[in-house]
Number of protein chains: 2
Amino acid sequence: MSLAHAILGFLQKQNMTGYDLKTSCFDKCLAHLWPADQAHIYKTLEKLLEQDWITCNVEIQQDRPNRKVYSLTAAGNAELLRWLQCSQSLPTIREPLLVQLFFATQLPNEAIVNLLEKQLAAHYEKVNDCQTIKLSPFNETLADREQLVYQLIQELIMRREQIYIDWLKSTIELLQLE
Amino acid sequence: MSLAHAILGFLQKQNMTGYDLKTSCFDKCLAHLWPADQAHIYKTLEKLLEQDWITCNVEIQQDRPNRKVYSLTAAGNAELLRWLQCSQSLPTIREPLLVQLFFATQLPNEAIVNLLEKQLAAHYEKVNDCQTIKLSPFNETLADREQLVYQLIQELIMRREQIYIDWLKSTIELLQLE
DNA sequence: GAGAGCATGTAAGAGGTTACATGATTCC
DNA sequence: GGAATCATGTAACCTCTTACATGCTCTC
């Protein structure tokens with residue numbers, strides 16, 4: 001249910017369209033915490049409407065497609081607050097590379113090293129990406145408290161990446177020595 | 001597609017039933033790399049049959065339900081080998097706790113600390129679990145190479161957990177000071 | 001007698017992705 | 001002229017989970 005609640009969370013800060021949510025919120029702030037697809041966001045908005053947790057107001061535009069601007073209802077706000085206090089389950093992590101490695105003992109070392117190197121390159125790219133994320137979607141000046149929380153989140157994400165990078169590097173070295 | 005290929009991988013080592021795959025393989029070896037549900041395993045076995053990557057042989061039993069023993073075909077083996085050489089995408093990690101924290105600045109510090117402490121307890125439990133995983137489902141003596149790979153995988157999993165634990169601990173301390 | 005283990009599955013739904021379609025405007 | 005931006009969506013599909021159902025045996 002995190003996608004639905006993340007949408008509620010963003011709408012609490014500011015009224016927005018599905019497009020805004022995708023481009024300014026999910027892709028910018030939550031890309032590394034909760035990636036979300038455009039089609040999925042639109043579908044979820046409909047469900048939230050059905051639940052009466054949000055409402056929709058159409059702004060007619062001449063030059064461009066009309067905007068469906070969503071906003072949080074009182075019920076939606078209450079639901080968000082309820083969810084914010086529920087303890088969440090641990091992240092489910094599925095690791096394609098490690099599954100592959102698990103069965104890859106039948107491959108020669110060079111083939112395995114090759115796979116690891118590609119993954120390492122992808123992680124380097126991702127770290128680059130992570131460094132440029134902006135955790136606040138709006139141009140407000142943030143309270144100290146918010147800034148602190150955002151910094152903490154960013155740090156966990158970076159550490160998480162660093163672990164993979166370190167592990168990949170040392171594993172590649174090890175296999176090359178053999 | 002990792003679930004399908006993991007099944008091929010296990011069947012390459014030994015013929016098995018869906019039940020065996022769930023209880024001896026996925027739950028024991030891949031629990032922290034690629035958790036898999038029983039219903040999902042059965043459905044995937046059917047798809048693999050349709051593709052002719054596996055075949056099924058029914059063993060009739062008197063006292064117990066019959067066993068559908070699956071085995072890898074030559075085509076299945078080829079597919080596994082092909083997949084083992086494809087570079088995999090990075091793991092998609094979705095973090096319910098971090099999303100929650102992202103929106104939780106409206107909660108008092110104690111409420112946040114409470115959430116973090118629950119998550120920390122869950123991670124401690126998981127680390128315990130991870131320490132008891134046995135990466136080989138069979139009672140064979142392993143080649144050095146396999147043993148090395150399994151050790152490396154285990155280490156990455158443990159480090160991944162440790163990061164979360166360290167982060168949660170220091171974040172709790174920080175918030176309690178405020 | 002209750003519960004765990006063996007072994008099969010189905011049905012329904014939640015969650016998520018990919019690809020396609022529209023149509024105007026602005027920038028290179 | 002071609003690509004990007006704005007803004008909407010749909011359809012099909014894949015992945016995964018939850019809950020239910022059956023029925024026998026062995027152990028506590």
Side-chain angles (χ1 to χ4, degrees), chain A residues 1-8 15-28 30-31 33-51 54 56-70 83 88-96 99, chain B residues 1-7 15-28 30-51 54 56-70 83 88-96 99:
Chain A
M1 289 296 279
S2 284
L3 179 61
H5 291 94
I7 291 176
L8 296 180
N15 296 348
M16 270 182 280
T17 66
Y19 184 83
D20 296 336
L21 281 164
K22 170 65 175 160
T23 55
S24 315
C25 299
F26 283 94
D27 287 355
K28 296 242 168 88
L30 296 193
L33 301 183
W34 203 277
D37 183 85
Q38 175 250 60
H40 200 186
I41 291 173
Y42 281 111
K43 254 199 275 180
T44 306
L45 281 168
E46 270 176 32
K47 280 192 193 164
L48 292 174
L49 269 178
E50 276 171 38
Q51 297 267 338
I54 60 176
C56 176
N57 185 35
V58 181
E59 278 179 17
I60 288 150
Q61 301 196 118
Q62 261 103 25
D63 305 350
R64 286 154 190 255
N66 293 339
R67 286 161 53 84
K68 288 192 178 181
V69 181
Y70 295 94
W83 180 80
Q88 304 296 311
S89 57
L90 296 189
T92 305
I93 312 184
R94 289 193 161 87
E95 304 261 12
V99 173
Chain B
M1 290 295 277
S2 284
L3 180 63
H5 291 95
I7 291 176
N15 296 348
M16 270 182 279
T17 66
Y19 184 83
D20 295 335
L21 281 164
K22 171 65 176 159
T23 55
S24 314
C25 299
F26 283 94
D27 287 354
K28 295 243 168 85
L30 296 192
H32 306 290
L33 301 182
W34 203 277
D37 183 84
Q38 175 251 58
H40 200 186
I41 291 174
Y42 280 110
K43 254 201 272 179
T44 306
L45 281 168
E46 271 176 33
K47 281 192 192 165
L48 293 174
L49 269 179
E50 277 171 38
Q51 297 268 338
I54 61 176
C56 176
N57 185 34
V58 181
E59 278 179 17
I60 288 151
Q61 301 195 118
Q62 260 103 25
D63 304 351
R64 286 153 191 256
N66 294 340
R67 287 161 55 83
K68 288 192 178 180
V69 182
Y70 295 94
W83 180 80
Q88 304 297 311
S89 57
L90 296 188
T92 305
I93 312 183
R94 289 194 161 86
E95 304 263 10
V99 173

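Order of the sequence lines fixes the chain letters, A, B, ..., with proteins taken first and strands second; residue numbering starts at 1 for each chain.
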Considering all heavy atoms of both residues, which atom of B:Ser89 and which atom of A:Pro96 are nearest to each other, and what is their separation?
O-CG, 3.7 Å

Atom CG of A:Leu49 and atom C1' of D:dT8 are separated, to the nearest Å, by 14 Å

Whole-Å gap separating P (C:dG5) and CG (B:Asp27):
12 Å

Of the candidates C:dG16, D:dC16, D:dA7, the side chain of A:His40 sits closest to C:dG16

Given C:dA12, C:dT8, D:dC6, the nucleotide with the shortest approach to the side chain of A:Tyr19
D:dC6

Could you check which of C:dT18, D:dT8, C:dT8 has an atom nearest any side-chain atom of B:Thr17?
C:dT8

Under 3.5 Å: donor-acceptor pair, side chain of A:Arg94, backbone of B:Pro35:
yes

Along DNA chain C (nearest heavy atom to each residue), the more 5'-positioned of B:Val69 and A:Ser2
B:Val69

Which heavy atom of A:Trp34 sits nearest a heavy atom of A:Phe26, and at what distance?
O-CD2, 3.8 Å

Which of these nucleotides, D:dC16, C:dG16, D:dT10, is closest to any side-chain atom of B:Arg94?
C:dG16

Of D:dA7, C:dT17, D:dT17, the nucleotide closest to the side chain of A:Tyr42 is D:dA7

Matching residue for B:Glu59 among B:Val69, B:Asn66, B:Thr17 - test: side-chain contact (heavy atoms from CB on, under 4.5 Å)
B:Val69

Winner on side-chain proximity to B:Lys43, out of C:dA12, C:dG16, C:dT8, is C:dA12

Using whole Å, report how far CZ of B:Arg67 lies from C1' of C:dC6.
9 Å

Nucleotide nearest A:Ala39 (side chain, heavy atoms from C-beta), chosen from C:dA19, C:dA14, C:dT8
C:dA19

Protein-nucleotide distance (A:Lys22, atom NZ; D:dT5, atom P), rounded to Å:
14 Å

Let me know the distance between CD of B:Glu59 and P of C:dA7, rounded to the nearest Å.
9 Å

If every non-hydrogen atom of B:Ala6 is compared with every non-hydrogen atom of A:Val99, which pair is closest and at what distance?
CB-CG1, 4.1 Å

Atom-pair distance (CH2 on A:Trp34; C1' on C:dA14), nearest Å:
12 Å

Counting heavy atoms from C-beta on, name the nucleotide in C:dA7, D:dT18, C:dT18 closest to the side chain of B:Asp20.
C:dA7

Can you tell me which nucleotide in C:dT8, D:dT8, D:dT17 comes closest to the side chain of B:Gln38?
C:dT8

Could you give the CD-to-P distance, from B:Glu46 to C:dA11, as a whole number of Å?
11 Å

Can you measure A:Asp37 atom CG to C:dG15 atom C1' for me and round it to whole angstrom units?
11 Å

